[in-house]
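Quick caveat, the model's predicted, so the values are computed rather than measured.
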Amino acid sequence: YPNIDGTPFFFHPTRVCSILINELNNHDHSILTASLLHDIYKYLPEIKPEIIEYNFGPYVAFLVDMLSMDAQHLNSFPREFICSETKSIKFPADDYLMIWLAEHLDNIRCLDFDIKFNPVPYLKEISEKFLPLAENSTNPAIKYLATQIRKERNKIIG
């Protein structure tokens with residue numbers, strides 16, 4: 001599935017993953033895997049959550065499923081997820097929001113060469129509906145991504 005500029009769509013998820021690694025120094029394999037798979041249901045509907053869970057584990061499947069939903073459902077997600085493999089506690093709302101913000105940061109940074117939509121309404125929607133979710137977070141990674149989105153937005157719409 002190519003982007004409008006002709007590059008493979010997979011470039012977008014790899015850039016999202018790169019933001020998480022290079023800008024946030026995040027090396028959590030579950031988060032990085034989910035970032036690479038965040039749009040899989042949109043482009044490959046034959047891939048089901050069971051396939052993701054079988055191949056990557058329940059937490060990655062849970063995150064990818066969450067990422068296929070609208071961010072407005074964020075408050076209905078469980079606050080904690082106990083990872084069965086490692087017995088560690090994960091915070092799906094934070095992990096979801098981190099991937100979601102990195103995805104939209106990439107979209108904004110790529111508007112010059114991969115316009116999929118009218119950027120002004122898109123930027124206003126992110127600013128009005130979703131950046132407030134980041135405002136309520138105490139997670140420094142989420143705060144960083146929100147700041148970067150605002151900087152990129154301001155370059156476009158002031």
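- Rounded to the nearest 0.5 Å, atoms CE (Met66) and OH (Tyr59) are 7.0 Å apart.
- Nearest heavy atoms, Ala61 versus Pro49: CB-O, 3.9 Å.
- Taking 4.5 Å as the limit, some side-chain heavy atom of His12 sits within range of a side-chain heavy atom of Asp39.
- Note: Thr147 OG1 to Leu131 CG = 9.0 Å, rounded to the nearest 0.5 Å.
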Worksheet item: For Phe10 and Leu36, what are the C-alpha separation, side-chain angles and deciding distance, and is it a side chain to side chain contact (heavy atoms under 4.5 Å, CB included)?
Response: CA-CA 8 Å; Phe10 194 66; Leu36 291 169; 4.1 Å; yes

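- A pairwise comparison of heavy atoms in Ile19 and Ala102 identifies CD1-O, 3.6 Å as the closest pair.
- In terms of modelled atom types and a separation under 3.5 Å, the side chain of Lys143 and the main chain of Ser137 share a donor-acceptor contact.
- A salt bridge between Glu125 and Lys129 is present, with a side-chain N of the basic residue lying under 4.0 Å from a carboxylate O of the acidic one.
- In this structure, Ile47 CD1 and Lys42 NZ are separated by 16.0 Å, a value rounded to the nearest 0.5 Å.
- Leu97 is not listed as a side-chain neighbour of Leu145, based on a closest heavy-atom distance of 4.5 Å or more.
- Looking at residues two or more places apart in sequence or on another chain, you find no side-chain hydrogen bond (donor to acceptor under 3.5 Å, both in side chains) involving Tyr41.
- With sequence neighbours excluded, the residues forming a side-chain hydrogen bond (donor to acceptor under 3.5 Å, both in side chains) with Ser18 are Asn22, listed by chain and number.
- The backbone N or O of Ser30 lies less than 3.5 Å from no partner atom in the side chain of Thr33, so there is not a single donor-acceptor pair.
- Contact check for Ile40 versus Leu37: side-chain heavy atoms found under the 4.5 Å cut-off.
- Under the 4.5 Å side-chain heavy-atom criterion for ILVMFWY residues, no single connected hydrophobic cluster contains both Tyr54 and Phe62.
- In this structure, NZ on Lys151 lies 10.5 Å from CG on Asn154, to the nearest 0.5 angstrom.
- Between Met98 and Ala141, the shortest heavy-atom distance links the atoms SD-CB, 4.1 Å.
- The shortest heavy-atom contact between Glu103 and Val16 is CA-CG2, 3.5 Å.
- Looking at Asn107 and Tyr122, their side chains come closer than 4.5 Å, going by heavy atoms from C-beta outward.
- Between Leu67 and Ala34, the shortest heavy-atom distance links the atoms CD1-O, 4.1 Å.
- The distance from atom CG of Leu133 to atom OH of Tyr96, rounded to the nearest 0.5 Å, is 8.0 Å.
- Side-chain contact between Ile108 and Lys155 is absent, with no heavy-atom pair separated by less than 4.5 Å.
- The side-chain contact (heavy atoms from CB on, under 4.5 Å) test with Ile99 is passed by exactly one of Asn26, Ile31, Leu32: Ile31.
- A heavy-atom distance below 4.5 Å is not found between the side chains of Tyr144 and Leu101.
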Practice prompt. Quick one: do His104 and Asp106 satisfy side-chain hydrogen bond (donor to acceptor under 3.5 Å, both in side chains)? Show the steps, please.
Written response: CA-CA 5 Å; His104 291 284; Asp106 176 64; over 6 Å; no

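- Contact detail for Arg153 and Ser127: the closest heavy-atom pair is NH1-OG, 2.8 Å.
- Note that CG of Asp65 is 10.0 Å distant from CD1 of Ile52, once rounded to the nearest 0.5 Å.
- Looking at heavy atoms from C-beta onward, Arg109 lies in side-chain contact with Gln148 at the 4.5 angstrom threshold.
- Looking at Glu152 and Leu105, their side chains come closer than 4.5 Å, going by heavy atoms from C-beta outward.
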